[in-house]
Number of protein chains: 4
Amino acid sequence: MLNRVILIGRLTADPELRYTNNGTAVTSFTLAVDRMRSNANGERQTDFINIVVWQKQAEVVAQYLQKGRMAAVDGRLQIRTYENRDGQKVRVAEVVAEGVRFLDRGEGGNSAKSAPTAPSAKNSPPSAPSKRQDFDPYDDPFADDLPPEFDEELPF
Amino acid sequence: MLNRVILIGRLTADPELRYTNNGTAVTSFTLAVDRMRSNANGERQTDFINIVVWQKQAEVVAQYLQKGRMAAVDGRLQIRTYENRDGQKVRVAEVVAEGVRFLDRGEGGNSAKSAPTAPSAKNSPPSAPSKRQDFDPYDDPFADDLPPEFDEELPF
Amino acid sequence: MLNRVILIGRLTADPELRYTNNGTAVTSFTLAVDRMRSNANGERQTDFINIVVWQKQAEVVAQYLQKGRMAAVDGRLQIRTYENRDGQKVRVAEVVAEGVRFLDRGEGGNSAKSAPTAPSAKNSPPSAPSKRQDFDPYDDPFADDLPPEFDEELPF
Amino acid sequence: MLNRVILIGRLTADPELRYTNNGTAVTSFTLAVDRMRSNANGERQTDFINIVVWQKQAEVVAQYLQKGRMAAVDGRLQIRTYENRDGQKVRVAEVVAEGVRFLDRGEGGNSAKSAPTAPSAKNSPPSAPSKRQDFDPYDDPFADDLPPEFDEELPF
DNA sequence: TTTT
DNA sequence: TTTT
């Protein structure tokens with residue numbers, strides 16, 4: 001059925017990139033999403049929402065986002081159940097991101113981390129840096145398999 | 001910041017209507033939302049997502065929805081933390097619904113529960129039954145305070 | 001940037017399947033989406049929104065949906081400009097659907113058109129009918145290239 | 001039925017604030033929303049989407065947003081039909097915004113226009129400037145009628 | 001556990 | 001008619 005979540009918030013910490021046993025990249029981070037209304041005491045309230053990103057975007061996110069950065073996430077809400085070390089069933093909610101937009105650096109583009117040293121041992125960023133000045137991590141990872149709606153005229 | 005969730009699924013049980021200490025109506029239910037893709041074994045997977053509805057819609061939902069019914073929910077994702085009886089902090093995710101649509105009865109309208117007896121002691125349904133044949137619970141609760149965009153011409 | 005549209009409504013007519021010069025399938029239809037609030041005169045108002053679906057889903061939609069059916073569309077809003085036969089520039093808005101859900105037949109599944117004759121000359125439906133009883137047109141077209149988030153364990 | 005649109009883009013021009021005959025404030029502007037994928041020639045494509053905002057938010061938007069600013073819009077897609085001066089029926093699509101977020105000034109807050117002179121003859125901004133340092137135009141206009149879900153404990 |  |  002339908003399951004769509006759209007969020008804008010700030011990373012509470014640097015994203016963490018890991019790999020599954022199959023070698024698939026997965027990045028996770030937490031987004032602090034301020035509620036649009038304060039409570040009766042005028043206190044701002046915030047939802048801390050866990051985000052998971054897979055594959056190419058996982059690596060782009062790990063490379064370009066860091067703590068405090070603002071991002072938009074477009075994905076689906078997933079409830080995962082696992083057993084913790086006490087044998088108790090724990091339910092966690094997370095948003096599986098299909099798209100992640102970086103929102104507060106540059107004007108329409110995104111600048112990479114300064115990265116004087118390699119970002120992380122597990123992180124293998126694309127060796128050839130993007131030649132596009134306004135490199136767009138939401139866009140590029142799929143540039144090879146462009147679907148027809150971006151490429152073909154409508155026949156009507 | 002932005003926080004928007006849209007779901008379509010089926011109620012796993014009848015909704016539960018309660019009241020806060022202030023007398024505000026709150027209804028909760030769980031929506032079974034099938035993932036759009038089965039896993040590698042061809043098994044259908046489902047996310048069970050808790051929904052909370054407030055005020056007038058709480059009463060409408062409690063009156064018109066029941067176990068197995070299909071509904072669309074439009075709201076925001078909230079992460080609530082509370083202490084359980086063991087003194088442990090528990091985080092629960094729930095969707096605070098701003099709109100709930102009933103999807104699988106009638107053609108565009110919604111029929112009420114047959115309700116031979118009162119639905120519940122705590123439930124005080126509107127005493128005057130809606131005269132509109134195709135009563136629409138998403139719409140009606142707010143018919144009194146119609147905002148201008150439903151009522152006025154654009155000045156351009 | 002972000003562009004996300006979610007709609008539920010009814011088809012105003014049977015969907016039309018066409019092909020681009022490249023042979024890509026494209027289906028278009030109009031969704032009647034009732035506004036959630038009537039106007040001051042109590043008249044229900046409706047937005048008629050054009051939808052475009054590409055590739056495999058185009059054929060599934062053309063085969064399974066027809067006039068009057070209820071559907072959910074998840075996509076993006078596109079403003080297309082073209083010149084009409086009078087040489088005037090015309091702007092049309094349409095929603096490019098990434099997902100289409102069929103909402104008012106069966107319980108979670110969808111039944112095919114009875115289709116005693118071929119639906120249309122241009123329509124070439126999959127010759128082998130789906131063996132799954134509860135065939136799900138939102139899901140199936142992509143069953144071959146399952147992304148890891150439906151198939152692999154999270155490494156944390 | 002359900003009708004939800006979420007957009008992030010940049011204003012192509014300063015917003016225009018007008019008033020209906022009833023004196024209701026309405027602001028309109030166009031959002032340039034870049035598509036997430038370039039076309040086959042590598043050209044970035046953009047949808048120019050008209051936005052309409054009503055009442056208090058209309059005035060806040062007119063006061064705080066201007067050409068080039070990035071904003072997130074959460075609303076519904078409306079197709080309006082009117083007759084132009086040639087007597088032809090014209091259909092226009094616009095997004096009626098329920099929420100507008102300002103995205104590229106400050107860190108979580110928003111700064112007002114410098115506004116050495118009054119922004120516009122028709123614009124009557126609130127005479128008392130907000131005392132909150134990090135004034136949030138998405139939030140504040142409704143601070144008086146706080147719904148219970150921002151103010152009350154859940155009874156479970 | 002948390003962001004500005 | 002268009003934004004970065």
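Naming convention: chains lettered A, B, ... in sequence-line order (proteins, then strands); numbering from 1 in each chain. Because the structure is a prediction, the values reported are computed rather than measured.
Residue C:Lys89 has its side chain nearest to F:dT1 when only F:dT1, E:dT3, F:dT2 are considered. You'll find that the side chain of D:Thr30 is closest to F:dT2, out of F:dT3, E:dT2, F:dT2. Considering only side-chain atoms of D:Asp34, the nucleotide from E:dT3, F:dT2, F:dT4 that sits closest is F:dT4. If you check F:dT3, E:dT2, F:dT2 against the side chain of B:Arg91, the one that comes closest is E:dT2.
Separating the CG atom of A:Leu31 from the P atom of E:dT1 is a distance of 18 Å, rounded to the nearest angstrom. The CG atom of D:Asp47 sits 15 Å away from the P atom of F:dT3 (whole-angstrom rounding). Rounded to whole Å, atom C1' of F:dT3 lies 17 Å from atom CD of D:Glu43. Remark: P of F:dT2 and CD1 of C:Ile79 are 15 Å apart, rounded to the nearest angstrom. Rounding to whole angstrom units, CG of residue A:Leu7 and P of E:dT2 are separated by 20 Å. Per the geometry, CE belonging to D:Met70 stands 9 Å off C1' belonging to F:dT3, to the nearest Å. As rounded to whole Å, 21 Å separates atom P of E:dT4 from atom CE of A:Met36. Straight-line distance from the CG atom of D:Leu103 to the P atom of E:dT4: 17 Å, rounded to whole Å.
The pair A:Arg10-A:Asp104 counts as a salt bridge, with a side-chain nitrogen and a carboxylate oxygen less than 4.0 angstrom apart. The residues A:Arg76 and A:Glu94 are annotated as not salt-bridged, no charged nitrogen and carboxylate oxygen being separated by less than 4.0 angstrom. Looking at A:Arg44 and A:Asp34, a side-chain N of the basic residue comes within less than 4.0 Å of a carboxylate O on the acidic one, giving a salt bridge.
With hydrogens and angles ignored, no donor-acceptor pair closer than 3.5 Å exists between the side chain of A:Arg101 and the base of F:dT4.
For A:Asp74 (side chain) and A:Gly99 (main-chain N/O), no donor-acceptor pair under 3.5 Å exists by modelled atom type.
Every residue two or more places apart in sequence or in another chain that forms a side chain to side chain contact (heavy atoms under 4.5 Å, CB included) with A:Ala25 is listed here: A:Leu17, A:Tyr19, A:Ala58, A:Glu59.
Between the side-chain ring of D:Phe48 and the base of F:dT2, a stacking contact exists by the 5.5 Å and 30° definition.
Applying the 4.0 Å criterion to OP1 and OP2 of F:dT4, one finds that D:Lys67 has every side-chain N and O outside that range.
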